[in-house]
Structure formats: C-alpha cells, structure tokens
Amino acid sequence: MTTSSIRTESHIEGVHRPGRWLALSVLVLAVLLVAVDATVLGLATPFLSEDLKPSGTQLLWIGDVYSFVIAGLLVSMGSLGDRIGRKKLLLIGATAFGALSVLNAYATSPEMMIVARALLGVAGATLMPSTLALIRNLFHDPRERSLAIGIWGAMASAGAAVGPVVGGFLLEHFWWGSVFLINLPVMAVLVLVGSKLIPESKNPNHGPWDLPSVALSLVGVIGVVYAVKELASHGLSLDAAVAALVGATALTWFVRRQLTLPAPLLDMRLFRHRGFSGAVLADLLTILGLSGLVFFLSQFFQLVQGRQPLEAGLAELPAAIGAVTAGLIAGLVARRFSVRSVVAGGLAAVGLSLAVLTTLDQHTGYPLLGASLLVVGVGAGFSFTVTADVILSSVPKEQAGSASAVSETAYELGAALGIAILGSIVTGVYRGFAAPAGVPSDIASAAHESLGGAVEASGGLAPETATALVTSAQEAFVDGLRIAAGVGAAVLLATAVAAWFLLKGQRLEEGVEH
C-alpha cells in the first residue's frame, strides 16, 4: 500500500469518524429531554398544586424558573465548554440533570420545588450548547453535518410538542413526580455511551472564564425575560420596570465588557457577519411563533374543545412530525435552492399558518387545526435547522460552543417571549369579557384570572349560570387567540422579508474540512 493511499484512508477516517451517528443519537437524547422538560410540567401543574399547595406566585416561579436559568446561563456554559472541554461539560451536566430530576420528583414543599427547578435549569444549560458544538467536531463533512444538525433541530422542536403527550400519558398512569423520573434512564445511557463514543473538543487558545461576564449575562437575560413575563401577566408595574432597567443595563455592560476582553465569553464581533445576525434573528422569531401557538392551542384543545390531556397532546403532534421531516431534508433543500429561500419560505409558512388561525372559533374542526400545525412544524423545521447550520458554519471551529450558545439563547428567548407577548394579548382580551348576570363577584373575579379558573369557579354555580359563564369565558379566550395569531402572523411575515435580504448570498458549506 502506498504512502498516499495510507494518507487518503487516514484522512477519510478523520472526516468520517467511526461511530459518529451512534454518538449523535446520544447527543440528541439530551436535547430531546431538555426540550421535553420545558413543557412537560404544564399538564402536571394541577396535580402538583394539589400536593404541594403553592401560592399563585410560587406556582409561577415553579413554571418559569427553569427556562429563566437556562436562558441566562447558555452563553456562559457554551463558553465554559470551549474552555474545559465540551464532552467533559456534557457528561458532568448529564449526571447532574439525572440527580436533580430525582430531587424535583420528590420535592416536599413549594420552596424546595423552586430551588430544584432552578438547579435543573443550571444542568440543562450545560447540555444544549455542548451538544451542538460537539456535532461540529463529530461531522467534518458539511453535508453530513447539515443532516446531523437537522436531526438535532428536529429533536429540539419535537421535544416541545412531545412534552404534553409524554406528560399526559404519565399523569394518567402515575403520580406527578414521574414526569421527572423518566430523565434517569436516558441520562444514564448518555453518560455510559457518550463517555466511550463522543470525542473531546475544546478551544486550544482559550483565555480565563470571566466570572463578571457570567454574572452580567445571567442578570441581564433573566431581568429582561422576567420583565416581559410580568408585563404580560399584570401590565406595567414597578417590578417589571425595575427588572427591565436592571436587565438592559446588565446586558449593555456585558456587551461593552466583551469588546474589551482579550478572550471574551462571547465574541460580539460575530454579529458583524450579516448571515450570522440574520440567522440568529430568524431563529428567535421562528420559535416565538411556534412556542406561542403550541402553548395556547394546548389550552384551546383542553379548555375550549374539552379534550383530555393525552388527547390534547396527541392533537399537537403534527407540529412535531412536520419539524422532524423538514429538519432531515433542510440541508439538502438549502443546497438545491438557497439558504435565504428556505429560511424565508419557512418563516412565511409559519406566518401564513398563524394567519389561518385568525378564523378560529370554538367549533373549528381538527382537520384545519392539524393542517395548520403541520405547516407550522414544516416551516419551523426548515428555518430553525438551516439557521443553526449557518450559525455554526460561519464561525471558526474553536468558537463552536459560543456560537451554538447564541443559537440556543435565541431559542430560549424566543420561547419565553412568544408565550409572554402573545400571552399578554390573549390575557388582555380575555379579561375584558362580561360575566353573566347572577354570578357572585368573587367567582367572577376568579373566572377573569384565566380560562382554567373560569372552568373551576363555575363548579359552584347553578348549571345554567355555570354554562353561560364558561361559554362567555371560552368566547373571550378564542377572541384573544385570534388576535394573537394575527400579531404573530404579521411578525413572522415581516421577519421572512427581513431574512430574504439579510441572508442574501449566504450558502451552506460544500467542501470537506481538513
């Protein structure tokens, strides 16, 4: 055998690493679980409330603190993985995620549950950027990497939609803690198989991990997300204004600090790349539309159309099926046509589906809803997958962790803002409904808090009055949902136009990395 043929075989082996697809399957398990954990608790909330008896504020923190902490720490953890090793961070995070899932499952007080959910968010933040950065290191052939990112993106999208299905099944057969214990076997597989098959990678020229930057990014993101959620729930208040001011100040300080550090936590110069910035914006707004829609349709299916939790979860599956299918072929389609046509087309598809939902009423048949969800999933799958590929391939390999953390932060912020912004519209319209005559003021007040509150409060009324109250509340909720869908459609269609210009000339890599 000649020396050149030995080199060729060695190069092919380096490009096509053995066991890479099995390693990928382990990585996407982590992504799936983190995404599932963000939505699975929603259905368990009534059971958890009955057991732990949290106050209204404590219940909000139980629901929100996980995504708050993940969003606040993603950039920091992506940078930490670049420094200490992405595989090492992933395995530490997976072990912690499994152990903390047990703590969540067996929490005995609201305070313990809030702390456990926050700690689970810390562990979750170590998993997401590590997985995407490791894909960059596992797959050196850009075409294979596009498919791998497609599978990764499909699992991230599918996880949010699968969460209600998994939660519905577990809650119909077990107690609420079971929604956390399903994490244990998956994390055990990740640690055992991942330690053997996943190669280590890090930035060889890393500097120190800047703790002030970590604190600023955490305070900044949590402050802004909390302010948006407060505005959505209670309107303009001192709390929301203070949180917004603190968050904006911390983020401004964070950006200025990154521009002066020799080894920044996040290289802000990445945003000078038009394709990178356009991809991040498209990421954020795709998920904003998707998460807002899925969140409110969950309530629509259960509280307006009267479906059981498992049935409601299954009704949302077309979004997951569409996202998975589109994710797997997104790289191929983007190379056949263009990056901007696939991303702009995906965003337009989500926007048009939201526009269709402006025709929604209480008796809308499932074929229209299922078809809309399928198109939303396809559009989000195309857009999210191609933008993740653009983000990852537009930076040096050493900065893969930081770049993927930006993509993940856009995902988490998009989810939080989608629920908060569209939620403020739904809530504002809903609270304006007039309670029927004869409903006591305390019951009317409870009914105006939420549609779930209206259904529960109606239990103590005479049948005719109860029916009138619930019908009036359902009509108001659907009115709000229609307006929110219209706003979401306008935002996504405008983003599709922006993406068409921002991603002009952007291409996915073709040649193999050496």
Side-chain angles (χ1 to χ4, degrees), residues 42-43 46 161 164-165 168 172 289-322 349-379 418-419 422-439 443-444 446-459 461-490 492:
L43 291 172
V165 180
E172 286 183 16
L290 179 68
S291 61
L293 175 73
V294 169
F295 181 79
F296 291 109
L297 279 183
S298 295
Q299 295 181 56
F300 176 82
F301 284 135
Q302 289 180 76
L303 298 173
V304 177
Q305 296 198 330
R307 300 172 196 265
Q308 293 303 306
L310 178 57
E311 187 189 355
L314 289 170
E316 294 183 18
L317 269 186
I321 293 166
V350 179
L352 290 172
S353 293
L354 286 174
V356 168
L357 293 179
T358 58
T359 64
L360 198 68
D361 64 37
Q362 290 95 310
H363 310 294
T364 298
Y366 183 72
L368 178 65
L369 293 167
S372 296
L373 282 164
L374 180 64
V375 175
V376 164
V378 170
I419 293 168
L422 299 183
S424 65
I425 296 167
V426 175
T427 304
V429 173
Y430 173 79
R431 286 180 175 165
F433 84 88
V439 176
I443 292 179
H448 279 94
E449 282 299 308
S450 69
L451 181 53
V455 173
E456 193 175 329
S458 67
L461 299 172
E464 283 185 13
T465 310
T467 302
L469 175 64
V470 171
T471 301
S472 184
Q474 288 174 337
E475 287 173 355
F477 179 83
V478 174
D479 286 345
L481 190 53
R482 280 199 296 264
I483 295 170
V487 172
L492 281 155

>> Looking at every heavy atom in both V304 and F477, which two are closest together, and how far apart are they?
In response: CG2-CD2, 3.9 Å
>> Quick check: do V429 and L481 have side-chain heavy atoms less than 4.5 Å from each other?
In response: no
>> Tell me the closest heavy-atom pair linking A349 and G379, and the distance in Å.
In response: CB-CA, 4.1 Å
>> Could you check whether any side-chain N or O of T471 sits under 3.5 Å from a backbone N or O of A468, counting only pairs where one atom can act as donor and the other as acceptor?
In response: no
> So which heavy atom on Y366 is nearest to which on A315, and how close?
Replying inline: OH-O, 2.6 Å
> Do you know the tightest heavy-atom contact between S372 and V356?
Replying inline: OG-CG1, 3.8 Å
>> If you apply the rule side-chain contact (heavy atoms from CB on, under 4.5 Å), what do you find for V375 with L352, and how did you get there?
In response: CA-CA 9 Å; V375 175; L352 290 172; over 6 Å; no
>> Quick check: closest heavy atoms across Q362 and V478, and the distance to 0.1 Å?
In response: CG-CG2, 4.2 Å
> Between A489 and A355, which heavy-atom pair has the shortest distance, and what is it?
Replying inline: CB-N, 3.6 Å
>> With rounding to the nearest 0.5 angstrom, report the CG to CD distance, L469 to Q474.
In response: 10.0 Å
> Are the side chains of L357 and L369 in touch, meaning some heavy atoms are under 4.5 Å apart?
Replying inline: yes
>> Any heavy-atom pair between the side chains of L368 and T359 that's under 4.5 Å?
In response: yes
